[in-house]
Amino acid sequence: MKKLLFISLLFLISCKKKFQPRNIDSITIKEFKMDSTSIRAIQVVDSASVFYAGSRGDVGFTTNNGVLWNSLFIKHQDSIVPQFRSLAFNGSEYFALSIANPALIYKISEGNSTLVYKEENEKVFYDALTFFDDNLHGIAVGDPTENCASILLTSDGGETWNKIPCENLPEIAKDEAFFAASNTNIATIGSTVWIASGGGKARILKSTNYGKSWQIFSTPFVQGDGPQGIYSIDFYDLNNGIAIGGNYAKPEENIANKAITNDGGKTWTIIADGQSPNYKSCVQYVPNTNGKEVFAVGKTGVSFSNDGGKTWKDVSEDSYYTIQFVDANNAWLSGHQKIGKLKL
């Protein structure tokens with residue numbers, strides 16, 4: 001009887017349909033022109049709804065596939081227009097983060113904005129913001145104002161934010177910083193967060209306890225010059241992740257600008273070296289594709305991989321800064337004065 005059950009189990013396993021990633025040669029993106037400049041941060045809700053934050057103090061959304069857009073324009077003290085590069089959602093409210101001095105985090109709720117964090121420093125420059133899976137813990141990263149990364153934490157859903165003292169963080173290298181390119185140089189799963197750097201060094205900062213303690217790991221990424229380094233990371237699970245970037249000033253270069261990890265970010269392997277894609281500002285796994293399907297976007301176009309990033313196809317010349325998926329067939333993108341909708 002046990003033997004029969006074992007044989008039946010083997011039969012069921014062998015008959016289970018193996019996942020087959022798609023072959024995609026080209027895509028069409030529906031474009032929506034926006035009354036904004038640089039839109040580098042979006043938060044998807046569903047296939048018909050997306051929120052965005054722009055660089056002229058604008059936060060907006062659509063709930064009907066772009067037929068109608070609603071916008072809120074924010075000024076600080078009637079004179080400072082925030083340059084938003086980051087947007088995060090805690091399950092009920094949105095938070096927009098500006099980049100330069102003064103650094104400002106606004107809570108956006110029911111069409112109203114409330115300032116919940118302000119930091120004044122001539123060196124301040126914040127790059128990305130996100131919440132963890134529990135929606136209570138959140139994190140933001142910025143360029144160093146001292147000898148460490150500028151990292152803000154919240155544990156009450158964004159109501160209050162506190163900066164981590166440098167003695168609790170790894171020391172940053174000379175000219176090492178972060179890129180406010182797509183709000184995706186941070187990735188989180190559970191209580192784990194990874195942050196990618198560039199410039200003087202291209203490294204990975206990692207915490208497994210909501211930012212209480214940190215490790216830092218080197219990568220073989222292109223680095224050493226200001227525009228070089230990692231611009232975006234994504235993780236399929238706690239072990240497997242992908243990073244992309246390059247040199248913003250020389251976007252056609254494709255050497256040492258893509259890498260994968262299978263040990264949670266401790267070590268990285270360069271992939272598709274000297275091959276497409278070139279500089280990209282955002283990389284994202286397609287949901288429910290077993291870590292096989294990946295999209296990368298940037299000012300040089302859109303690229304697709306169906307083998308976890310080992311090989312790629314350029315599938316569109318459209319320029320976008322960031323992409324975020326709703327599911328395996330729908331995604332929203334944003335770029336210069338535009339938002340895009342992709343349906344596969």
Side-chain angles (χ1 to χ4, degrees), residues 27-74 81-89 94-99 106 108 126-131 140 178-187 231-234 244-245 248 251 277 279-287 294-304 315-327 329-344:
I27 59 172
T28 299
I29 301 172
K30 184 177 181 180
E31 182 180 304
F32 303 93
K33 295 297 292 182
M34 305 302 295
D35 182 20
S36 186
T37 52
S38 173
I39 304 176
R40 296 178 181 267
I42 54 176
Q43 281 290 310
V44 302
V45 180
D46 53 41
S47 60
S49 309
V50 65
F51 280 70
Y52 75 89
S55 62
R56 54 191 294 261
D58 52 320
V59 178
F61 67 93
T62 182
T63 59
N64 53 13
N65 268 314
V67 175
L68 179 66
W69 293 87
N70 297 281
S71 298
L72 170 69
F73 290 86
I74 299 172
V81 177
Q83 295 186 49
F84 294 127
R85 298 280 186 95
S86 305
L87 182 67
F89 183 55
Y94 291 85
F95 292 80
L97 170 63
S98 65
I99 51 174
Y106 283 92
I108 315 296
Y126 278 92
D127 304 276
L129 169 73
T130 193
F131 279 89
F178 307 91
F179 296 118
S182 61
N183 199 42
T184 57
N185 66 359
I186 293 182
Y231 280 72
S232 178
I233 53 174
D234 196 19
I244 206 162
Y248 180 85
Y279 164 80
K280 292 289 182 283
S281 56
C282 181
V283 64
Q284 294 286 285
Y285 287 107
V286 181
V294 191
F295 272 85
V297 306
K299 63 180 182 179
T300 56
V302 182
S303 300
F304 170 75
V315 293
S316 173
E317 295 182 354
D318 292 346
S319 173
Y320 283 95
Y321 298 133
T322 192
I323 184 171
Q324 194 173 117
F325 279 86
V326 179
D327 51 40
N329 298 305
N330 295 277
W332 291 93
L333 308 91
S334 67
H336 181 71
Q337 296 184 327
K338 65 181 180 179
I339 286 179
K341 177 66 186 301
L342 171 63
K343 186 173 181 62
L344 297 175

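Nothing here was measured: the structure is a model prediction, and the numbers come from that model.
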Margin query: With a 4.5 Å cut-off on side-chain heavy atoms, are Pro277 and Ile244 touching?
Written below: yes

Suppose we call two aromatic rings close when their centres sit under 6.0 Å apart. Are Phe89 and Phe95 close by that rule?
no

Review point. In terms of the angle between their ring planes, are Tyr248 and Tyr231 parallel, tilted or perpendicular, with boundaries placed at 30° and 60°?
Key: parallel

Heavy-atom closest pair (Tyr126 atom, Ser98 atom, distance to 0.1 Å) is CB-O, 3.8 Å

Note to self: Between Glu31 and Tyr320, is there a side-chain heavy-atom distance shorter than 4.5 Å?
What the structure shows: yes

Paired with Val50, the side-chain contact (heavy atoms from CB on, under 4.5 Å) test is passed by just one of Asn65, Thr63, Val326, Thr62, namely Thr62

Tyr52 meets the ring pair (Phe, Tyr, Trp, His ring centres under 6.0 Å) criterion, sequence neighbours left out, with none

Tightest non-hydrogen contact, residues Lys299 and Ser319, listed as CA-OG, 3.1 Å

OH of Tyr321 to OG of Ser182, rounded to nearest 0.5 Å, is 11.5 Å

Gln324 side chain to Leu333 backbone, donor-acceptor under 3.5 Å: no

Correct closest heavy-atom pair for Leu97 and Ala128 would be CD2-O, 3.9 Å

Given the options Ile186, Ile323, Thr184, Asn185, Ser232 meets side-chain contact (heavy atoms from CB on, under 4.5 Å) only with Thr184

### Message
Do Asp327 and Pro287 make a side-chain contact, defined as non-hydrogen atoms from C-beta onward lying under 4.5 Å apart?
### Response
no

Nearest heavy-atom approach of Gly298 to Lys280 is N-CD, 3.5 Å

> Distance-only, no hydrogens or angles: does the Thr130 side chain make a donor-acceptor pair with backbone N or O of Ala88 under 3.5 Å?
Replying inline: no

Closest heavy-atom pair, Asp234 versus Gln284, reported as atoms and distance to 0.1 Å, is OD2-CA, 3.4 Å

Original post:
Side chains of Ile108 and Phe61: closer than 4.5 Å at any heavy-atom pair?
Top reply: no

Rounded to the nearest 0.5 angstrom, the CD1-OG distance for Ile99 and Ser86 is 9.0 Å

Interatomic distance, OG@Ser36 vs NZ@Lys338, rounded to 0.5 Å, equals 13.5 Å

Separation between CZ (Arg56) and CG (Asp35), nearest 0.5 Å, reads 4.5 Å

With side chains defined as the heavy atoms from C-beta onward, is the minimum distance between Phe51 and Val44 less than 4.5 Å?
no

Worksheet entry | N/O donor-acceptor pair under 3.5 Å between Ser71 side chain and Asp58 backbone | no

| field | 4.5 Å side-chain heavy-atom contact, Phe84 and Ile74 | value | yes

Closest non-hydrogen atoms of Trp332 and Asp46, given as atom of the first, atom of the second and distance, are NE1-O, 3.2 Å

> Sub-3.5 Å donor-acceptor pair from the side chain of Trp69 to the main-chain atoms of Phe32, do we have one?
Replying inline: no

Contacts of Lys341 meeting salt bridge (Lys or Arg N to Asp or Glu O under 4.0 Å) (sequence neighbours excluded), chain-then-number -> none

* **Heavy-atom check, side chain of Val294 versus side chain of Val283, under 4.5 Å** => yes

**Prompt:** Does a side-chain heavy-atom distance below 4.5 Å link Asn183 with Arg85?
**Reply:** no

